[in-house]
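These notes concern the structure reproduced below.
Side-chain atoms are counted along with the backbone in the values below, which use heavy atoms only and exclude waters and symmetry mates.
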Amino acid sequence: MIERGRRPAWSADRSRLRYLEWAARSDGAGDFHSRQLASSEVLRIARNVRSFAELSDGRVVAVSNSVPRGTHNRVIVVDENLHLARWVADSSRDFLLIPGSSDLIAKVVIGQTGWDIRRVPIPPR
């Protein structure tokens, strides 16, 4: 059961429903959950997530720890089947997947008011 969820999205194979739970807030962040439809198992992937996207290999990239904006924000890649999250980029508030590549563009927070963009590799499986 979703209580205060936002941004529901099916996995590409339709086996999971991913969503941000307890996210009915003005900043739009919430706990990133993944519900396995066959078993109804719910996996809490990360806290304070603002956005996420599925990779072609089924893993998920997410911006976590993102409330409020700052150097503690980060981009992670998650393998739900292994219950494993790996670091991709520190101090990152947003990302853009690069089509045909295993990299992404990360929006990196610098200090209190600045930011930059960087091309960052996504760790392999």
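Val63 belongs to a hydrophobic cluster whose other members, connected by ILVMFWY side-chain contacts under 4.5 Å either directly or through intermediates, are Leu55, Val61, Val75, Val77, Val88, Phe95, Leu97, Leu104, Val120, Ile122.
Ser40 and Arg35 get closest at one heavy-atom pair: O-NH1, 3.5 Å. Closest approach of Ala29 and Arg50 over heavy atoms only: CB-CG, 4.0 Å. Residues Pro124 and Arg86 share a closest heavy-atom pair of O-NH1, 2.7 Å. Phe52 approaches Arg7 most closely through the heavy-atom pair CZ-O, 3.5 Å.
To the nearest 0.5 angstrom, Asp31 atom CG is 5.0 Å from His33 atom NE2. Rounding to the nearest 0.5 angstrom, the gap separating the CZ atom in Arg16 from the CD atom in Glu54 is 10.0 Å. From Leu96, atom CG reaches atom CG of Asp103 across 11.5 Å, with rounding to the nearest 0.5 Å. Within the model, atoms CD of Glu21 and CZ of Arg44 stand 11.0 Å from one another, a figure rounded to the nearest 0.5 Å. Atom OG of Ser92 is separated from atom CD1 of Ile76 by 12.0 Å, given to the nearest 0.5 angstrom. With rounding to the nearest 0.5 Å, the separation of CG in Leu17 from CD in Gln36 is 11.0 Å.
Annotation: side chain of Ser15 is not in contact with side chain of Leu37 (no heavy-atom distance under 4.5 Å). Counting heavy atoms from C-beta on, the side chains of Ser64 and Arg47 never come closer than 4.5 Å.
With Glu80 contributing its side chain and Leu43 its backbone, the two residues share no donor-acceptor pair below 3.5 Å. Between the side chain of Asn73 and the backbone N or O of Asn65 there is at least one donor-acceptor pair closer than 3.5 Å. The main-chain N or O of Asp57 is found under 3.5 Å from a side-chain atom of Arg125 such that the two form a donor-acceptor pair.
The 12-atom threshold is not exceeded at CD1 of Ile117, counting heavy atoms of other residues, nucleotides or ligands nearer than 6.0 Å.
In the hydrophobic clustering of this structure, Val78 does not group with Leu84; members are Ile, Leu, Val, Met, Phe, Trp, Tyr whose side-chain heavy atoms approach within less than 4.5 Å, directly or through other members.
Note on Asp90 versus Arg74: no salt bridge recorded, every NZ/NE/NH1/NH2 to OD/OE distance being 4.0 Å or above.
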